[in-house]
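Note that these values count all heavy atoms, side chains included, but never hydrogens, waters or copies made by symmetry. Only a predicted model underlies this, so the values are computations on that prediction, with no experimental measurement involved.
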Amino acid sequence: MKIDASKPLEYSTEENSNKIFGFWVFLGAEIPLFATLFTVYFVMVNRFASGPSASELFKIGPVLIETFLLLSSSFTIGLAIHAMRHGYKKAMMVFMAITLLMGLGFIGIEIDEFFTYVHEGATLQTSGFLSSLFVLLGTHGAHVSFGFLWGAGIMIQLWRHGITPATANKAFIFSLFWHFLDVVWIFIFSFVYLKGLM
Amino acid sequence: MDLDKFKVHGEPLIYGAMVSIALATIGILVGLTYFKKWGYLWREWLTTVDHKKIGVMYILAALLMLFRGGVDAMMMRLQTAAPEMKFLDAQHYNEVFTTHGLIMILFMAMPFIIGLMNVIIPLQIGARDVAFPRLNAVSFWLFFMGAMLLNISFVIGGSPDAGWSAYFPLASLEFSPTVGNNYYSLALQISGIGTLITGVNFIVTILKMRAPGMKLMKMPMFTWSVLITNVIIVFAFPVLTVALALMMFDRLFGSQFFTMANGGMDMLWANLFWVWGHPEVYIVILPAFGIYSEIIATFSKKNLYGYTSMVFSMLIISLLSFLVWAHHFYTMGQGAMVNSFFSITTMAIAVPTGVKIFNWLFTLRKGRITFTTPMLYTLAFIPIFTIGGVTGVMLAMASADYQYHNTMFLVAHFHYVLIPGAVFAVIAGFHYWFPKVFGFRLNERLGKHSFWWIVISFNVTFFPLFFLGLMGMTRRTYTYSEESGFGPLNMLSFVGAVGLAIGFLLLVYNIYWSTRYMPRDTTSDPWDGRTLEWATHSPMPVYNFAIVPTVQTRDALWSAKQDNIPLYDDKKITKIHMPSNTGKPFILGVIFFILGFSLVFSLWIPAILSGIGVIVMLAFMSFDRDHGYYISAEEVIATEKKLKRGETV
Ligand code: HEM
Ligand SMILES: [Cu+2]
C-alpha cells in the first residue's frame with residue numbers, strides 16, 4: 001500500500017480514492033432511484049380513492065422534529081470528519097455517536113408516524129397515494145436505518161484500530177452517504193410534507 | 001403452509017424437465033465427489049476474485065442460458081409450426097415465451113457481454129485488475145443466483161406468464177395468481193442489483209485505472225462502448241429496481257400501485273418498465289458495436305474510420321435511449337402529441353446508428369480483409385442489422401404502428417436487431433478473444449460451418465415473420481386456425497429454427513473439438529492484434545501485465561509493432577499486489593437466493609432470517625482486514641520466463 005502523505009488520509013492510497021470515486025458513482029445511481037420514487041409519488045398523490053388525502057393525514061409537528069434531527073446530524077457528521085482530519089479520535093467518535101443517535105431519533109419518530117397512520121386506517125393497501133407515500137418514506141427510512149448499522153460498524157472499527165487510511169476512508173464514505181440522505185429528506189420535506197399540508 | 005403452491009400441475013413435458021434437472025444435479029454432485037473436485041471448485045472458482053475467471057463463469061452461464069432460452073424458442077416454433085398444434089397448452093406457451101424473452105435478454109445477452117467485458121477490459125486498458133475485485137465476485141454471484149431462481153420456477157411453483165414486459169393488470173395477483181410473477185420480480189431484482197454493482201465497478205475501473213498515457217480519446221473502441229454502457233446501467237437499473245419493488249409490494253403485500261381500483265394505475269408499470277427496458281436494449285447492443293469495431297479494424301488491417309464520430313454517436317445514442325420509451329405503447333391511449341414526440345426521438349436514433357454503419361463500411365474500404373470467423377459474423381451483422389433498423393423506423397411511425405403493433409412484424413424486427421446486434425457480436429467476440437483466455441484458437445473450418453448455418457437459418461426463421469405480421473398474425477398467439485393461412489410461413493420459420501439449433505450445436509462442438517485438438521498458440525497474438533490485450537501472454541498470468549505498459553497512441557500495440565517502440569521496460573519488474581480469494585461473495589449470493597425463494601412463496605420466517613443474514617454478511621465483509629498479498633519480483637520473473645517458453649503456469 002503506497003501512502004501519499006500530501007493527501008488527506010481518506011484519499012491517501014489509490015484504493016482509497018477509487019473507493020470514494022466509486023461511491024460517488026453509486027450515489028449517481030441513488031439519484032434515479034429516488035427520482036423514480038418521487039415520480040411515482042407525484043403520479044399517485046391525488047389518487048387517494050376512499051382513503052385520506054395528504055392534507056388530512058400530515059401533521060407538521062413530528063416532521064419538523066425529524067427535519068431538525070436529520071439536518072443537525074448532517075452537521076455533526078461533518079464535525080466528525082473535521083475531527084478525523086485533525087486526528088482527534090475521541091472527538092470524532094463522540095460526533096459520530098451524536099450523529100447516529102439523532103438518526104435513531106429520526107427513525108423512531110418515523111416509525112411512530114407510520115403506526116399513527118395505520119391506526120387511523122391509512123395503510124399501504126388503502127390507496128395508490130398511500131402506497132407510494134409509504135414506499136417513498138420507507139425507502140428513505142430504510143436507508144437511514146441501514147446507515148445507522150453501517151455507522152455503528154465503522155465506530156467499532158475506529159475504536160479498535162484508530163484513525164487509519166482504511167477507517168478514515170470508510171468514515172468519509174459514510175459521511176457522503178449521510179449527507180445524501182439529508183438532501184433526499186429536504187426534497188421529501190418540501191415536496192411531500194409542505195406541499196401536502198398546503 | 002400451503003404445500004400445494006410448490007407443485008406444478010403440468011404435462012409430461014414439465015415432469016420430464018423436473019426429472020432431467022434432478023438427474024443432472026445428482027450427476028454433477030456425484031461426479032464432483034467421485035473425482036474429488038470439491039476443493040478445486042471452491043478454491044479456483046467459487047471463491048475467485050480474478051476478473052478473468054469471473055468473466056469465464058459469466059460466459060459459461062450465458063452459454064447455458066442460451067440453450068435454455070433456445071429450447072424455449074424451439075418449443076414455441078414447434079407449437080406454431082402448423083395450425084391447431086397440440087404440443088403445448090396455452091398456459092405453458094405463455095410461460096415459455098415469457099421466460100424465453102427474459103432469459104435471452106437478461107440472463108444470456110447481458111451476462112455474455114458482461115463476461116467478455118470482465119475478461120477483456122482490464123487487459124485492454126493495461127490494468128492489473130478491476131477497481132473492486134471482491135465486489136466483482138458479488139456481482140457475479142448475484143446475477144447467477146437470480147438466474148437460478150428464475151430457472152427453478154418451471155419445476156417449483158410455476159413460471160411467470162405475463163410476458164417479459166409483465167404488463168399490469170395482467171401480471172397482478174388477480175390475473176396471474178400463481179407465484180410465477182413473484183419469481184419475476186425477485187429473480188430480476190437480485191440479478192439486477194448485481195448488474196448495478198458491475199456498472200459502478202467498471203466505470204471506476206475505466207476512468208481511474210487506465211495505463212499511463214491512455215487518454216480518453218485513445219481508448220480502444222470496445223472500452224469506450226463498455227464505459228458508455230455502464231453509465232446507462234447506472235442510470236437505468238435503479239428504475240427497474242423501483243419498478244420491481246413496487247410490483248413485489250403489489251403482489252405480496254397488497255399495495256395499490258398498478259391495480260385497477262383504489263387509485264392504482266396500470267400504465268405506470270408500462271412507463272417504468274420501458275424507461276428501463278429501452279435503455280436495456282442499448283446495454284446489450286452498444287458493447288456489440290465496440291466488439292465489431294475492434295474486429296473490423298483488426299481484420300482489415302486499418303485504423304477504425306471516424307474514431308471521434310464513433311464515440312460521439314454512441315454518446316448520442318445513449319442519451320436518446322432514455323427518451324424513446326413510449327414507442328412501446330403508442331396504442332395505449334397517450335394522445336397524438338406524446339406519440340409524435342416519441343416517434344421523432346425514436347427515428348432520431350437512426351442517425352447516429354447510420355453514422356456508425358458508414359464508418360464501418362469506410363473502414364473496410366481498401367482494407368486488407370481476412371475472412372476469419374469473427375470477421376464473417378461482423379460482415380453478416382451489417383446488412384442484417386440494417387434490416388432490423390429500417391423496420392424499426394417503420395415501427396417508430398406512430399400512426400403506422402397502429403397497423404402492426406404487437407404482431408409478428410414486431411417479433412421479426414426485434415430479433416433482426418437483437419440477434420445480429422447482440423448474439424452475433426458475442427459469438428464473434430467469443431471466437432476473437434478465445435485464444436487470449438485459453439491459449440489456442442477455435443477451429444476455423446468448424447467455426448465457418450456453424451456461421452453459415454446460423455446466418456442462413458436466422459433469415460429463414462425470422463424473415464417470414466415480417467409477412468406473417470403484415471398478414472395480421474399477432475404476437476404471443478399460441479395457435480391459429482387453418483383458414484388464417486398462417487400455416488406455411490410458420491412451418492418455414494420452424495425449419496429455420498431447427499437450422500439455428502444445428503448452428504449453435506456446431507458452435508459447442510467446435511469448443512469441444514478445439515479444446516482437444518487445436519495446437520497451442522505460442523505467439524500470444526494470433527490475429528496480429530492492435531490493442532493492449534494482445535500484448536500480454538495467452539493465457540495471461542493472474543497479474544495480467546508483468547509491467548504496466550505505457551501508451552502513446554490509439555491502437556497502442558499496433559503502433560508499437562509498426563514503429564518498434566517498446567510498450568514497457570522489461571527490466572523494471574517489481575512485486576505485484578493482488579487481492580486474495582474469498583468465499584463471502586458466494587455465500588452472500590446463496591443467502592440472497594434463499595431470501596428470494598422465501599419471498600416468492602411468502603415464507604416469512606426464512607425470509608426475515610435470510611434478510612438478517614444479508615446484513616450480517618455485509619458487516620462481515622466490511623470488517624474484513626485482508627488486504628491481499630504480494631507476488632514477489634522473483635516470482636514474477638520466473639513466471640514470465642515460463643510463459644515465454646510456452647509453458648502453462
Ligand atoms: C435463437 C433463436 C430464437 C428463436 C427461434 C426465437 C423465437 C421467438 C419466438 C417464437 C418468440 C415468441 C413470439 C410470440 O410469442 O409470438 C420470441 C419472443 C421473444 N424473443 Fe426470441 N427467439 C430467438 C432468439 C432470441 C434472442 C437471442 C433474444 C434476445 C437477445 C430474443 C428475445 C425475445 C424476446 C424479448 C421475446 C418477447 C417475449 C415476450 O413476448 O414476452 N429471442 N422469440
Ligand atoms: Cu424501445
Side-chain angles (χ1 to χ4, degrees), chain A residues 1-2 13-15 17-40 43-51 123-132 134-136 138-139 145-146 149-150 152-154 156-157 160-161 164-167 170 174, chain B residues 130-132 135 193 196-197 199-205 207-209 230-231 233-243 245-246 248-250 253-259 261-265 267-269 271-272 275-276 322 577 579 615-616 618-625 627-628 630:
Chain A
M1 204 172 1
K2 263 183 279 161
T13 67
E14 195 196 324
E15 192 187 336
S17 73
N18 282 354
K19 278 186 178 159
I20 293 172
F21 180 59
F23 198 76
W24 277 109
V25 178
F26 172 74
L27 288 183
E30 290 273 62
I31 293 171
L33 185 106
F34 277 104
T36 310
L37 286 170
F38 275 107
T39 310
V40 170
V43 168
M44 292 290 184
V45 67
N46 290 323
R47 301 179 152 254
F48 36 78
S50 54
T123 67
L124 184 76
Q125 292 83 9
T126 310
S127 66
F129 158 65
L130 282 168
S131 299
S132 63
F134 275 110
V135 169
L136 173 60
T139 309
S145 314
F146 178 78
L149 293 177
W150 183 14
I154 290 173
I156 296 174
Q157 297 181 42
R160 279 201 202 153
H161 312 295
T164 66
T167 52
K170 287 179 186 179
F174 172 74
Chain B
V130 295
F132 311 114
L135 220 50
I193 298 169
L196 181 61
I197 300 175
V200 174
N201 206 341
F202 276 83
I203 290 178
V204 180
T205 306
L207 289 181
K208 301 275 264 184
M209 296 179 66
N230 283 300
V231 173
I233 287 181
V234 164
F235 283 103
F237 265 77
V239 182
L240 177 71
T241 305
V242 171
L246 304 187
M248 184 186 83
F249 274 110
D250 262 13
F253 306 112
S255 59
Q256 312 282 352
F257 288 104
F258 310 125
T259 47
N262 298 322
M265 187 178 179
M267 278 311 289
L268 183 62
W269 169 266
N271 280 283
L272 291 179
V275 168
W276 160 79
F322 283 94
H577 179 254
I615 304 270
V616 170
L618 291 180
F620 260 130
M621 290 164 97
S622 157
F623 276 67
D624 202 329
R625 283 171 62 74
H627 289 299
Y630 281 95

Query - Under 4.5 Å from a heavy atom of chain A, the part of Leu240(B) involved - result: neither
Query raised in the report: Which bit of Ile615(B) comes within less than 4.5 Å of chain A, counting heavy atoms only: side chain, backbone, both or neither?
Result: side chain
Query raised in the report: Among all residues two or more places apart in sequence or in another chain, which pass the side chain to side chain contact (heavy atoms under 4.5 Å, CB included) test with Ala236(B)?
Result: Ile232(B), Trp276(B), Pro279(B), Phe322(B)
**Report entry** Side chain / backbone / both / neither for Phe146(A) at chain B, heavy atoms under 4.5 Å
**Finding:** side chain
Requested in this report: Examine whether an atom of Ser17(A) lies under 4.5 Å from a heavy atom of chain B, and if so say whether it belongs to the side chain, the backbone or both; otherwise answer neither.
Outcome: both
Query - Contact origin within Ile197(B) toward chain A - heavy atom pairs under 4.5 Å - result: neither
Report task. Could you tell me the separation between the CG atom of Leu130(A) and the CD atom of Gln125(A), rounded to the nearest 0.5 Å? Result -> 10.0 Å
Query raised in the report: How many angstroms lie between CZ in Phe202(B) and CZ in Phe132(B), if you round to the nearest 0.5 Å?
Result: 11.5 Å
Query raised in the report: Among Ser255(B), Gly199(B), Ala245(B), Ala243(B), which residue forms the greatest number of heavy-atom pairs with chain A at distances under 4.5 Å?
Result: Ser255(B)
Query raised in the report: Under a 4.5 Å heavy-atom cutoff, which of Val40(A), Asn18(A), Val135(A) has the most pairs with chain B?
Result: Asn18(A)
Report summary line: Whatever's closer than 4.5 Å to a heavy atom in chain A on Leu207(B) counts as side chain
Query raised in the report: Which region of Ser622(B), side chain (C-beta onward) or backbone (N, CA, C, O), has a non-hydrogen atom less than 4.5 Å from a non-hydrogen atom of chain A, or is it both or neither?
Result: both
**Report entry** Non-neighbouring partners of Lys170(A) that pass salt bridge (charged side-chain N to carboxylate O under 4.0 Å, His left out), sequence neighbours left out
**Finding:** none
Report task. Decide whether Thr167(A) and Thr164(A) meet the rule of one side-chain donor and one side-chain acceptor closer than 3.5 Å. Result -> yes
Report summary line: Interatomic distance, CG@Leu268(B) vs OG1@Thr39(A), rounded to 0.5 Å, equals 9.0 Å
Query raised in the report: Could you go step by step and tell me if His161(A) and Arg625(B) meet the side chain to side chain contact (heavy atoms under 4.5 Å, CB included) rule?
Result: CA-CA 11 Å; His161(A) 312 295; Arg625(B) 283 171 62 74; 3.4 Å; yes
Report summary line: Leu196(B) and Ala29(A) have their tightest heavy-atom pair at CD1-CB, 3.9 Å
Requested in this report: Identify which part of Phe249(B) has an atom lying under 4.5 Å from any heavy atom of chain A, answering side chain, backbone, both or neither.
Outcome: side chain
Query raised in the report: For Phe257(B), is it the side chain, the backbone, both or neither that has a heavy atom under 4.5 Å from a heavy atom of chain A?
Result: both
Query raised in the report: Looking at Ser50(A), Ser132(A), Ala49(A), Gly128(A), which has the largest count of heavy-atom pairs under 4.5 Å with chain B?
Result: Gly128(A)
